[in-house]
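Below: the structure, in structure tokens.
Proteins come first, then strands; the chains are lettered A, B, ... in the order of their sequence lines, and each starts at number 1. Here the structure is a predicted model, which means the values were calculated and not measured.
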There are 2 protein chains.
Amino acid sequence: MTPRGKQTVRDLRRSSRSTLLRHLYFHGPLSRQELGTATGLSAGSVSNVTGELLTDGLIEECGSVDSDGGRPRILLRVTPGQAHLVGIDIGETQVRVTLFDLALTELASADQPLLAAHDPERVVRMIAGGLDQVLAAAGVPAENVLGIGIGVPGIVEQGTGADPGAGTVVHGQTFGWDAVPFGRMLREHTPLPLYVDNGAKTLGQAEMWFGAGRGSRHAVVALFGSGVGACVIADGVRFRGATSSAGEWGHTKVHVGGRPCRCGSRGCLEAYVGAEALVERWDGTVPGTSEKAGLAALLRAAEEGRPSAVALLDEAAELLGASIADLVNLFNPERIVIGGWAGLLLGPRLLPAIGEAATRYALAYPRSRTTITLSDLGPDAVTLGAATLPLTHFLDSGGEMPDHLAAVAAV
Amino acid sequence: MTPRGKQTVRDLRRSSRSTLLRHLYFHGPLSRQELGTATGLSAGSVSNVTGELLTDGLIEECGSVDSDGGRPRILLRVTPGQAHLVGIDIGETQVRVTLFDLALTELASADQPLLAAHDPERVVRMIAGGLDQVLAAAGVPAENVLGIGIGVPGIVEQGTGADPGAGTVVHGQTFGWDAVPFGRMLREHTPLPLYVDNGAKTLGQAEMWFGAGRGSRHAVVALFGSGVGACVIADGVRFRGATSSAGEWGHTKVHVGGRPCRCGSRGCLEAYVGAEALVERWDGTVPGTSEKAGLAALLRAAEEGRPSAVALLDEAAELLGASIADLVNLFNPERIVIGGWAGLLLGPRLLPAIGEAATRYALAYPRSRTTITLSDLGPDAVTLGAATLPLTHFLDSGGEMPDHLAAVAAV
DNA sequence: CTGCTTACTTCACGCCGAGATTTAACGTCT
DNA sequence: AGACGTTAAATCTCGGCGTGAAGTAAGCAG
């Protein structure tokens with residue numbers, strides 16, 4: 001059980017670099033002094049390692065603060081422009097490519113509409129085009145990009161070996177992608193490191209880093225859109241399961257044998273409370289309008305007191321609450337964050353009822369240790385979350401620059 | 001996110017000791033040679049570390065094998081009698097205390113019946129008595145015991161600080177224990193390290209180490225008894241959640257708003273397929289018979305073709321399959337093991353139907369990567385699993401002996 | 001300019017694992 | 001029997017690590 005790899009003495013340095021870099025990244029500019037007490041490293045080691053990071057250009061000095069009567073502390077921070085990251089969101093209606101600096105400030109963005117056809121080859125070409133576009137717009141050379149994070153709809157099977165990103169295979173049951181060798185197709189267009197994950201999971205990552213999940217180590221980010229998904233964070237890292245498909249909440253059952261779902265099964269949560277299902281079930285649907293407009297109309301009708309709309313939303317809150325209770329019982333999180341465009345739209349109205357239903361359906365003790373909140377991130381969070389994938393790798397490795405320069409030159 | 005503690009160069013040695021000890025423990029007697037290639041450590045380091053472990057008495061030489069033409073390899077193994085472990089099962093009807101050696105061979109056991117009254121103070125006294133009894137029977141001094149693992153019914157809140165075991169609080173909703181300071185009460189009777197967890201979880205541990213879960217890193221052990229529970233293993237370690245209560249599968253919903261459950265909620269899986277619920281729902285129940293006899297009678301009736309019994313078991317299989325599908329979707333395990341006394345009893349008959357229902361209700365891709373099997377462990381597995389708790393700690397620490405000798409002397 | 005405080009740097013030390021070298025413990029061949 | 005080859009294990013050297021103490025830098029107050 002739990003075999004741990006061998007460690008050499010050099011791994012210690014990598015661990016120290018990672019610790020300091022990470023701390024500096026998340027807790028703003030800090031002096032070496034503070035860094036030492038916060039991370040537990042001795043002052044000597046901090047000096048040593050920060051010196052290394054400084055000569056590598058990964059961190060830089062930025063001002064100083066007085067220290068009553070003594071030598072002022074020099075503040076250090078991660079150099080924002082030292083490296084860059086690309087985040088890509090492949091949604092139902094568009095492909096969005098965004099370039100960030102290390103501080104995850106958006107530098108350039110490129111949107112391309114995705115109509116009915118989701119042909120993988122076409123999507124890959126759009127990504128390659130968008131990539132060139134944002135790099136050119138910001139004047140950033142490709143070898144300065146640490147990696148490309150991509151959020152895709154569907155289940156992602158991670159690759160293995162030296163270039164795991166290139167081995168990625170995507171199973172997008174509702175997107176029309178069946179075992180698409182997405183990583184291999186992308187690798188033909190770019191030599192940059194690839195990090196692919198499900199779009200709901202990258203949104204969850206963004207929520208954990210910058211949104212309502214900030215500060216918790218055990219959380220579930222519930223994404224409530226056209227379909228329903230979830231991203232589970234356990235002990236600070238995303239829970240992946242054996243084949244990275246953990247957290248497929250939308251197709252858990254609320255009524256075994258109940259309403260048919262687009263996944264082919266029956267009684268799924270998504271078949272009751274997914275935006276598509278809600279709009280379809282509401283008899284006020286006007287053909288030809290979009291899903292978002294339909295859901296907004298449903299909400300308006302409920303606020304005007306139309307009984308059918310009120311009943312539908314009440315039922316949705318009850319089912320969501322019960323299903324969130326399942327998440328509480330199974331994952332025992334500190335926090336549950338409700339996000340996704342439908343969640344943001346209906347959340348303010350439904351949240352109290354959801355919380356009460358969760359209390360009725362969950363076990364008392366874990367429920368008492370969980371708070372349920374709404375997301376506070378905008379719709380661009382998928383690209384942001386996608387960009388955290390290469391960033392996480394960068395911080396974990398202690399600021400190692402991928403050696404794709406040769407590969408770039410070779411293309 | 002993911003702060004990792006500082007590491008000194010001495011932690012490397014602990015890591016190496018742990019790696020070698022662990023490998024030796026699980027992969028039988030091995031020569032230093034094989035140990036080196038298997039763990040990736042250099043021959044020099046293996047020699048060095050095993051030398052240390054040998055002088056500590058944690059491992060010993062045991063025979064040798066020829067190496068055609070050269071110096072024979074000396075086999076090493078963990079010294080079974082160097083230390084001992086205690087596993088305790090607090091069940092609905094009895095308290096069982098078992099003493100094991102390091103190889104988890106049973107040395108002595110003490111059972112004490114637990115009738116209607118589950119008074120915590122009484123249970124603690126029974127544990128203390130049983131402990132003295134097994135130690136005396138095997139002639140093992142208390143300071144030779146690495147720790148006491150205890151499986152209790154209910155949700156376990158782990159303590160923190162220097163003596164986490166003593167801070168354990170148990171919330172046993174169905175057992176009549178409400179926030180019982182179990183660790184503190186036990187600490188008054190013994191100075192030995194305490195490791196408390198839910199009984200279903202310790203059973204799951206046993207299943208992972210020695211049962212049907214062996215060899216998988218991502219698994220769910222579903223316990224099917226009077227109630228229903230689960231133990232989730234992610235990446236080789238038990239998934240605990242924020243407050244150690246993750247995996248409370250029995251109270252997830254199969255029909256939101258359905259049958260009332262003893263937990264106070266409605267529509268829980270346990271209210272449909274728990275042994276208590278099944279026996280109660282079957283109209284053939286004879287008052288005064290035990291739950292086990294009742295379930296056996298239900299099974300017999302179904303095998304004789306009684307329609308009401310057949311229908312009840314068919315429905316149970318359908319619901320279990322659907323709920324297992326939820327586990328597949330949410331946790332994405334490699335394997336699902338069905339255990340517990342009711343699972344062992346009904347399993348052979350229900351397993352095919354459960355598997356088919358799971359296939360109907362789960363997403364295709366994760367379901368295709370999961371196998372569903374029956375447990376192959378006996379009823380004493382809870383104590384065995386409980387004993388793995390201190391053992392895990394021992395192996396993780398690289399074979400560190402707890403310094404409770406002074407404490408033993410002081411009592 | 002002198003002391004004083006505080007932040008940072010340098011350096012000796014003990015310890016680590018890797019890898020090369022040496023020693024140990026066997027078979028086999030002459 | 002004794003030399004030799006072969007393989008396992010022990011020993012040794014080496015570069016590298018973090019610690020903690022000693023030393024240096026940079027401000028302030030008098």
Side-chain angles (χ1 to χ4, degrees), chain A residues 4-21 23-24 29-56 59-77 398-400, chain B residues 4-21 23-24 29-56 59-77 398-400:
Chain A
R4 53 189 69 187
K6 73 161 177 181
Q7 299 217 322
T8 81
V9 75
R10 309 183 77 128
D11 294 326
L12 278 184
R13 175 52 61 103
R14 193 158 47 81
S15 163
S16 293
R17 282 176 62 115
S18 178
T19 304
L20 291 182
L21 201 57
H23 209 81
L24 228 35
L30 286 171
S31 69
R32 293 170 176 82
Q33 175 80 347
E34 296 163 308
L35 226 35
T37 58
T39 61
L41 269 73
S42 72
S45 294
V46 172
S47 234
N48 195 341
V49 177
T50 53
E52 219 178 87
L53 291 171
L54 274 167
T55 60
D56 287 357
I59 63 175
E60 62 185 10
E61 304 189 339
C62 61
S64 61
V65 288
D66 285 7
S67 66
D68 52 1
R71 175 176 174 176
R73 289 174 250 199
I74 301 168
L75 294 177
L76 299 171
R77 71 166 173 211
E400 182 187 84
Chain B
R4 53 188 69 185
K6 73 161 179 181
Q7 299 216 323
T8 82
V9 75
R10 310 182 76 128
D11 295 324
L12 280 183
R13 175 52 62 105
R14 193 156 48 81
S15 164
S16 293
R17 282 176 61 117
S18 178
T19 304
L20 290 181
L21 202 56
H23 207 82
L24 228 35
L30 287 170
S31 68
R32 293 171 175 80
Q33 174 81 347
E34 296 162 308
L35 225 35
T37 59
T39 60
L41 269 72
S42 72
S45 294
V46 172
S47 233
N48 194 341
V49 177
T50 52
E52 219 178 86
L53 292 171
L54 275 168
T55 60
D56 287 358
I59 63 175
E60 61 185 11
E61 303 189 339
C62 61
S64 60
V65 288
D66 286 6
S67 65
D68 52 1
R71 174 176 174 175
R73 289 174 251 200
I74 301 168
L75 295 177
L76 299 170
R77 71 168 171 207
E400 181 188 82

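When each of Pro72(A) and Arg13(A) is assigned the nucleotide of DNA chain D with its nearest heavy atom, Arg13(A) is the one assigned upstream, toward the 5' end. Both Gly70(A) and Glu34(B) sit near DNA chain D, but only Glu34(B) has its closest nucleotide nearer the 5' end.
When distances run from any side-chain atom of Leu12(A) to the nucleotides dT9(C), dC8(C), dC17(D), the shortest one goes to dC17(D). Relative to the side chain of Ser31(B), the nucleotides dA18(C), dA9(D), dC17(D) differ in distance, and dA9(D) lies closest. Among the nucleotides dT10(C), dA18(C), dG18(D), the one closest to the side chain of Leu41(B) is dA18(C).
Rounded to a whole Å, the CG atom of Asp11(B) is 15 Å from the C1' atom of dG17(C). With rounding to whole Å, Ile74(B) atom CD1 is found 13 Å from dA24(C) atom P. dT24(D) atom P lies 20 Å from atom CD of Gln33(A), rounded to whole Å. Going from atom CD of Glu61(A) over to atom C1' of dA25(D) covers 13 Å, rounded to whole Å. Taking atom CG on Leu76(A) and atom C1' on dA7(C), their separation rounds to 12 Å, with Å as the unit. Remark: P of dA8(D) and CG of Leu75(B) are 12 Å apart, rounded to the nearest angstrom. Distance, Asn48(A) CG to dA7(C) P: 20 Å, rounded to whole Å. In this structure, Leu53(A) places its CG atom 15 Å from P of dC8(C), rounding to the nearest Å.
By the 4.5 Å heavy-atom criterion applied to side chains, Glu61(B) and Leu75(B) are not counted as neighbours.
Distance alone, capped at 3.5 Å, places no donor-acceptor pair between the Ser18(A) side chain and the Arg14(A) backbone. No donor-acceptor pair under 3.5 Å is formed between the side chain of Ser15(A) and the backbone N or O of Asp11(A).
Within the 4.0 Å cut-off from OP1 or OP2 of dA18(C), at least one side-chain nitrogen or oxygen of Ser45(B) is found. When the side-chain nitrogen and oxygen atoms of Arg73(B) are compared with OP1 and OP2 of dA8(D), one or more of them lie within a distance under 4.0 Å. Thr8(A) has no side-chain polar atom (N or O) that falls below the 4.0 Å cut-off from OP1 or OP2 of dG16(D).
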Please step through side chain to side chain contact (heavy atoms under 4.5 Å, CB included) for the pair Asp56(B) and Arg17(B), ending with a clear verdict. CA-CA 12 Å; Asp56(B) 287 358; Arg17(B) 282 176 61 117; 3.1 Å; yes
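Across Ile59(A), Leu76(A), Leu24(A), a single residue satisfies side chain to side chain contact (heavy atoms under 4.5 Å, CB included) together with Leu53(A), and that is Ile59(A).
Contact of Arg71(B) with dA25(C) (side chain to base): no donor-acceptor pair of N or O atoms is detected under 3.5 Å.
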